[in-house]
Structure formats: structure tokens, C-alpha cells
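Notes follow once the structure below has been shown.
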Amino acid sequence: MSAQASIDLDGLGIDAGGHLLIQRGLRDLPVGGRLTVAGRDPALRTHLAAWARSQGHQVDLGGVQPVVVKGSASTARWNRAERAGGPGPDGIAARADVRWGLAARGALIEEGGPPLNVDLIDRDLVWAEAARQLYANGLTRQWNPDTQVEWNAEFELPAEIEDAVVQVMTYLIENENAALQIPAKFIARLHPHYREVMQVLAIQVADEARHVEVFTRRALLRSNELGVSGAGGRASLQTLIDEPDFSLAAFLLSVMGEGSFLELLSFIAIHAPDPVTRQVASLALRDERRHVAFGQAHLKYSVEADRSMLGRLRAAAEHRYDTLASTAGLNQDVFDSLIILAAHSWTPDAITNGWEAVQQLQYEMDQARQRRLVQLGFPADEAAEVSALHTRNFM
Ligand SMILES: [Fe+2]
Ligand SMILES: [Fe+2]
């Protein structure tokens, strides 16, 4: 005698949710178990027969009340299902299976879905323990350009000082465009199993979108035209975009490039000739610290997992240096604009001050890069050599 059970659907039709009660009634029955279904819906027998067939069950309509005989398909469907790791930090797989697709980490994965077309599937190639915290910080520290910047602040600038600001903004925008595209590109190649990394990169993309916005708004605040974009600067950025390796891109973009931008944005904030320029630079600086922190945390993790990574990082810096050897690096107009921005006026003394401030800026960028390289595990002399290879474009 096979296992039996019965349910009463009362007036509920199969097509109005009755199938849920039948599924529940079948759940604890073995394959071959019989579920008698009572009910008053006139279409009960026909709907039940159709539903049962679609679910791989049989139906016995010979008696007073129809009986569903449980088939094997509904259990077979999940027999070979596997868990895509676990939802928490301890459920992160060393290698994520592309067959898990877009499923949530920790979901029970039915066989047969389309595989995900991603190649960043190894935890150690993308991971940083700090990712969760950096995502949380990034979310709570989002800012609204409309309210956080006093766009209507009153100030008067000589036309040529304003032009210098516009030129610096023009330069910043193209760098922000690169800083947006690079994480966006890696998101599309990353297995979403590494949710925390995906979330960090997504916030980073949103941050860069906002930086593009505020630098554009500052540039257009008093001017209808933007400045110039040098081919050498764009060539420098293109080498970042072209780097296919996640860790090497994080090194070149975040540790070296955005790292240098921390000094640059501080410089602009300190020397800004007007409050709007000061505010947009300070706000962007806040976000950039997080971007650098993630790159640095990922590379520390990578180097600790495999010391040979240091050699690869050095080789990537050398390769980029060689690629850019024949280009101008930083556009002279940008360099000059930074001097003028810091000088605030055209007296020889002011220009001397501006020029010295830009020399000091480059020295500080170099020192900070060296500190970060030493933190990653480079000996001091090698850190100095690798830092010196960094692009004159700063990013
Ligand atoms: Fe940025
Ligand atoms: Fe950034």
C-alpha cells in the first residue's frame, strides 16, 4: 500500500492558487504516493489533470474524487542541484562556477541554466577582505552635488585664472572618464558570486560619474567652452583601459594613478582660487581615498597570497613606461594651468610661488607612491624606482 494523503480545496480552483495546496500536499509523499483532492470547483478534474501532467505527476480520475500520483520529475529536478556557496563571508568559493549564473550566492542552483560569460571567477584574483567595509562606507558617504556644492557662491576671478581652472577641470574630466570605464568593464567580467567586490566597483563607478558631473559644472560655471585635451594624456589613460588583468589594472589605476590624484585633488583644494573649485576637489578627494584603499587592499591580499606578484607589478609599471616613452605625458597646458591656479595672479612672485607649489606637488606624489609601494611589500629602493616610472600624466 503506497502512502496516501488528502486535501480539500473547498471552492478554490487549480487556476486560482489551488496548485499551491496540492504541491504542499505532495511535498512529504514519496514518489508514487497518492494525494486525493476534494473540491467544489466545476473545472477541478480537467484543470487538475492538465496541471499534474505539466508537473510530471499522474492523475487517477477513476474514483469519486481525483487522485494525484506523485511523479519523480519534481524531485529529480532538484536531485542534482547544488548550492552556490553560502550567503555569508564563510560561503565564498575559491572558484565560482559559471554554471551558477546570476544566482544569488547561497542559492540552490537547478541544473541546466545558461552559463555566465565571465572570466573573473577566482576569488584570489579579485578579492580584498576590506571590500565589505569599503562598500558600506561608500554608500553612507555618497553626496549630492546640488546641495553639497555652493554653486552660487560669490567670487571674482581674473579671466586668465578662470581659464586655468577650466583647463584643470577639462583635464580632470578625461581622467574621471577613464576611472569610470575601467571598473565598469571589470564589473561585466566579474562573477557576481564575489558580491562585495562587485558592489565596491559599482559604487566606484557611481562616484566617478559624480566627479565627471561636478568638474563639468565647475568648468561651465563662468565659461561656455572647455579647455584642451592633449594626445599624450589620452594615450596615458588608454594604457589603463587596455590593461586586461584585474590586479594589474587595480595597481596602475588605483594605487599609482588615483593614488597620485589624492595629492593632486588636495593641491587643488588647498590652492583653489574660488570656493566652488575648492569644494568639488575636496568632495572628489573623499571618494578617491576609498578607491585607492580598495586597490591597495586587493594588492596586499594578492602579494600575501603570492610574492611573485611584486615582480608582475613592477613589470606592468615598466611596460607602461615603455609604451608611453614617446608621448608627451602631461599636457603642458595642464601643467601651466596648475601653476596659474596656485599663483592666483600674474606677478613674478606669484608665479614663482605657483611653480614651487607644483614642484612640491610632484615631490609629494612621488613620496606617497613610494609609501604605498613599500606597504605592498616593495623594498624602499625598488619602490623609488617603480614610482619614478609613473606617467607624467599623474593618472
Ligand atoms: Fe574620480
Ligand atoms: Fe576614483
Side-chain angles (χ1 to χ4, degrees), residues 126 128 130-131 133-145 148-149 165 167-187 190 197-219 226 229 233-234 236-241 243 246-270 272 276-299 320 330 334 338 361 365 368-369 372 390-391 393-395:
V126 297
Q133 193 56 47
L134 288 170
Y135 167 67
N137 290 352
L139 262 194
T140 53
R141 306 209 67 198
Q142 296 291 294
W143 43 273
N144 180 348
Q148 298 274 303
V149 180
V165 171
Q167 179 55 61
V168 170
M169 294 297 139
T170 306
Y171 159 80
L172 289 176
I173 293 163
E174 70 186 30
N175 285 270
E176 299 296 346
N177 285 340
L180 184 155
Q181 291 218 340
I182 291 160
K185 185 184 74 175
F186 283 115
I187 289 172
L190 175 67
V197 175
M198 180 177 68
Q199 290 165 317
V200 164
L201 296 179
I203 292 287
Q204 196 165 326
V205 169
D207 291 339
E208 307 301 9
R210 202 170 43 235
H211 302 170
V212 169
E213 176 193 338
V214 293
F215 295 147
T216 304
R217 283 170 78 169
R218 172 59 191 92
L226 288 184
S229 164
R234 295 201 312 280
S236 178
L237 296 176
Q238 192 61 42
T239 59
L240 297 178
I241 303 247
E243 175 52 64
F246 181 84
S247 299
L248 298 184
F251 175 65
L252 295 173
L253 171 69
S254 297
V255 174
M256 302 290 270
E258 290 174 308
S260 301
F261 258 53
L262 296 184
E263 262 61 48
L264 177 63
L265 291 167
S266 308
F267 172 93
I268 297 171
I270 290 165
V276 177
T277 300
R278 186 184 325 120
Q279 286 167 14
V280 292
S282 315
L283 287 163
L285 175 60
R286 254 167 58 173
D287 298 333
E288 293 305 335
R289 289 193 207 287
R290 248 184 297 112
H291 306 171
V292 176
F294 176 71
Q296 190 77 3
H298 166 62
L299 288 160
R320 187 175 185 215
L330 186 67
V334 177
L338 288 171
L361 164 65
M365 283 175 168
R369 280 196 302 270
R372 276 188 282 276
H390 189 60
T391 172
N393 184 55
F394 303 153
M395 178 74 87

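Each ligand, and each atom within it, is numbered from 1 in the order the structure gives.
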Would you confirm whether the ring centroid of His298 sits within less than 6.0 angstrom of the ring centroid of Phe246? yes
Mind running side-chain contact (heavy atoms from CB on, under 4.5 Å) on Leu201 and Gln204 for me, showing each step along the way? CA-CA 5 Å; Leu201 296 179; Gln204 196 165 326; 4.2 Å; yes
What is the name of the N/O/S atom in His211 that sits closest to the Fe ion (ligand 1)? ND1
Using only N, O or S atoms, tell me which atom of His291 is closest to the Fe ion (ligand 2). ND1
Closer than 2.8 Å to the Fe ion (ligand 1): does that hold for any N, O or S atom in Glu176? yes
So, of the N/O/S atoms that Glu288 has, which is the nearest one to the Fe ion (ligand 1)? OE2
Selection residues 200-216 - residue pairs positive for salt bridge (Lys or Arg N to Asp or Glu O under 4.0 Å), sequence neighbours left out: Asp207-Arg210, Asp207-Arg290, Arg210-Asp287, Glu213-Arg217
Does a side chain donor of either Thr391 or Arg320 reach within less than 3.5 Å of an acceptor in the other side chain? no
Which atom of Glu208 is nearest the Fe ion (ligand 1), counting N, O or S only? It is OE1
Would you check if there is a donor-acceptor pair between the side chains of Asn177 and Gln181 at a distance under 3.5 Å? no
Any idea which N/O/S atom from Glu258 gets closest to the Fe ion (ligand 2)? OE2
